[in-house]
Q: 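Please read through the structure below; I'll follow up with questions.
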Amino acid sequence: MSAALAEPGASRMAVALTVNGRAVRVAAEPRSHLGDVLRDGLDLTGTHLGCEHGVCGACTILLDGEPARACLTFAGACAGAAITTIEGLDTDAIAGELRAAFNREHALQCGYCTPGMLVAARDLVLRLPEADERRIRVGLSGNLCRCTGYAGIVRAVMAVIADRRLRGIPPESGAGRALGPVGARIGGGTVTPLPLPTSPAESVAPAAVAELSASFVPAHSFTQVLDLAHPPEAVFALLGDIEAVAACLPGAVLTARPTPDTVEGGLQVRIGPIAATFRGRARIARDEAARSGSVRGAGSDAGGRSATEGRIRYRVEVGPTPGTARVALDVGYTLTGPLAQFGRPGLVRDLAGRIAAEFCRNLDARLSGVAAPAPAGLDPLRLILGLARARLAAWFGRA
Ligand code: FES
Ligand code: FES
């Protein structure tokens, strides 16, 4: 892809695309997403918009042959790309087989999810070696349907795959690519905790991991407050124990013995069929007198396609009742690459609230002397279902 040119004297830019095999030039604001440009600029209203947060999959199109979220893709970033919408699959053989199977298996009711579902399902038919129900369900887990209960959809996709394999049609040679929308192929890997050395002298040599640049300015920031029924001194002391903090933070894994001012590790994130593991290093600072501190770090996924930088500042204050503490968090972050689609401030704030609640429960358990919780993978899909439900309620207004 190449950059689009801004029109002189205007905030709109002309973007050259190939849409459904036809070269087009559309005007777009720098902030316009591809879904709006396709629907409003090119009248391709088969691309539906539901959540506009990358959650529901209704807007799924093909971007250079890979399923992608149109609602999270800036049109200006697609200059030179080939886009295929559901209209462009009218004469596609696999899409035709899927449409027939969807009809046969009652795989749609209102049809709002269906264009995105067909685009995602076509990708599975192309690449899954066999009609494996579990893999189909995982592969379609980035596409939500509020009508059907999914059983008919899964049956339809299974039937098409089974039929094609029976006819001797093999999966595409690119079947090695992970299933799912753009971003799915970047990960699935895990951070393996290294056996931690027993003394600082044995500390693991720093790996080639991302580190925060000195000039970091966060693209987004938000604040968060945690209330804990423990004295401020005890809470501040626990926040100084990085291994304990990592054990309480969902998805976090340490990969080297932390020093007083450095920590190295990873954060595992899975969003439906998309999985990524960010690995990086953070610098820690503490101010005992002010009972405050900061963590500034950077990380990237194994393929280096998505990266994040961030800083967390915290201050432990006296809580609203005697013997309690209030932790004021100030978080700033920047997320780039395919997973940036999940970095929208509203979504991140919602996630952060839920992660903070889990983190708080785990800290409370530690401070209460309850067994340390097992580190768990961060599953934003589970965490954002509440947000998705609210967004999906607005679907019918956008058809
Ligand atoms: Fe794009 Fe929901 S509208 S994922
Ligand atoms: Fe899937 Fe209605 S048929 S949302």
Side-chain angles (χ1 to χ4, degrees), residues 31-40 44-63 66-75 77-78 83-86 95 98-124 136-137 139-157 179-184 270-274 335 338-348 350-351 380-399:
R31 62 184 172 78
S32 299
H33 66 59
L34 193 53
D36 277 345
V37 167
L38 291 170
R39 288 176 59 88
D40 302 336
L44 294 170
T45 53
T47 298
H48 289 173
L49 294 173
C51 64
E52 295 187 69
H53 271 71
V55 176
C56 71
C59 65
T60 307
I61 44 94
L62 295 176
L63 176 59
E66 285 187 43
R69 302 282 204 249
C71 73
L72 296 176
T73 306
F74 286 123
C78 295
I83 313 290
T84 305
T85 67
I86 190 70
L98 280 167
R99 280 194 298 271
F102 268 49
N103 279 331
R104 215 171 42 241
E105 300 293 345
H106 306 290
L108 72 156
Q109 289 178 29
C110 77
Y112 204 98
C113 70
T114 309
M117 199 68 85
L118 285 171
V119 172
R122 180 181 174 279
D123 196 50
L124 298 185
I136 289 170
R137 285 185 179 276
L140 290 179
S141 60
N143 290 73
L144 304 185
C145 173
R146 68 178 189 176
C147 299
T148 64
Y150 302 99
I153 295 171
V154 173
R155 273 200 311 272
V157 179
L179 294 166
V182 170
R270 179 173 288 281
I271 305 170
I274 300 178
L335 193 54
L339 282 185
Q341 58 189 292
F342 298 102
R344 286 192 168 198
L347 188 56
V348 169
D350 187 77
L351 275 172
L381 184 64
R382 176 171 55 83
L383 296 172
I384 61 183
L385 278 180
L387 175 70
R389 268 193 289 274
R391 297 278 175 185
L392 294 180
W395 272 20
F396 283 109
R398 298 296 303 266

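The shown structure was predicted, so the numbers you read here are calculated from the model rather than taken from an experiment. Counting starts at 1 for both ligands and their atoms, in listed order. Reckoned from all heavy atoms, side chains included, excluding hydrogens, waters and symmetry mates.
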Q: Enumerate the atoms of ligand 1 whose separation from the nearest heavy atom of G57 is less than 4.0 angstrom.
A: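 Heavy-atom distances to G57 below 4.0 Å select 2 (Fe), 4 (S).
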Q: Counting backbone and side-chain atoms alike, is an N, O or S atom of C113 positioned under 2.8 Å from atom 2 (Fe) of ligand 2?
A: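 Looking at C113, which is the residue asked about, there is no N, O or S atom under 2.8 Å from atom 2 (Fe) of ligand 2.
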Q: Can you name the atoms of ligand 1, numbered from 1 with element, that are less than 4.0 Å from a heavy atom of R69?
A: 4 (S)
Q: For I153 and L108: C-alpha separation, side-chain torsions, deciding distance, then whether side chain to side chain contact (heavy atoms under 4.5 Å, CB included) applies.
A: CA-CA 8 Å; I153 295 171; L108 72 156; over 6 Å; no
Q: Taking salt bridge (charged side-chain N to carboxylate O under 4.0 Å, His left out) as the cut-off, I'd like each qualifying pair that reaches into residues 102-118, sequence neighbours left out, listed once.
A: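 Matches after skipping sequence neighbours: E105-R155.
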Q: Vertex atom 2 (Fe) of ligand 1: angle to SG of C51 and SG of C56, to 10°?
A: 100°
Q: Restricting to N/O/S atoms, is C110 within less than 2.8 Å of atom 2 (Fe) of ligand 2 or not?
A: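 An N, O or S atom of C110 is closer than 2.8 Å to atom 2 (Fe) of ligand 2, so yes.
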Q: Taking non-hydrogen atoms only, is L72 closer than 4.0 angstrom to ligand 1 via side chain, backbone, both or neither?
A: neither
Q: What atoms of ligand 2 come closer than 4.0 angstrom to any heavy atom of G111?
A: 2 (Fe), 3 (S)
Q: Return the OG1 to CG distance between T73 and L63, rounded to the nearest 0.5 Å.
A: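 One finds 6.0 Å between OG1 of T73 and CG of L63.
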Q: Quick check on contacts: which atoms of ligand 1 are under 4.0 angstrom from a heavy atom of E52?
A: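 Ligand 1 atoms under the 4.0 Å threshold to E52: 2 (Fe), 3 (S).
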Q: In ligand 1, which numbered atoms sit nearer than 4.0 Å to a non-hydrogen atom of G54?
A: 4 (S)
Q: Could you pull out all residues at least two apart from T47 that satisfy side chain to side chain contact (heavy atoms under 4.5 Å, CB included)?
A: L38, C59, I61, A70, T85
Q: Angle at atom 1 (Fe) of ligand 1, SG of C59 to SG of C71, rounded to 10 degrees, please.
A: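 Here the angle at the metal atom is close to 100°, to 10°.
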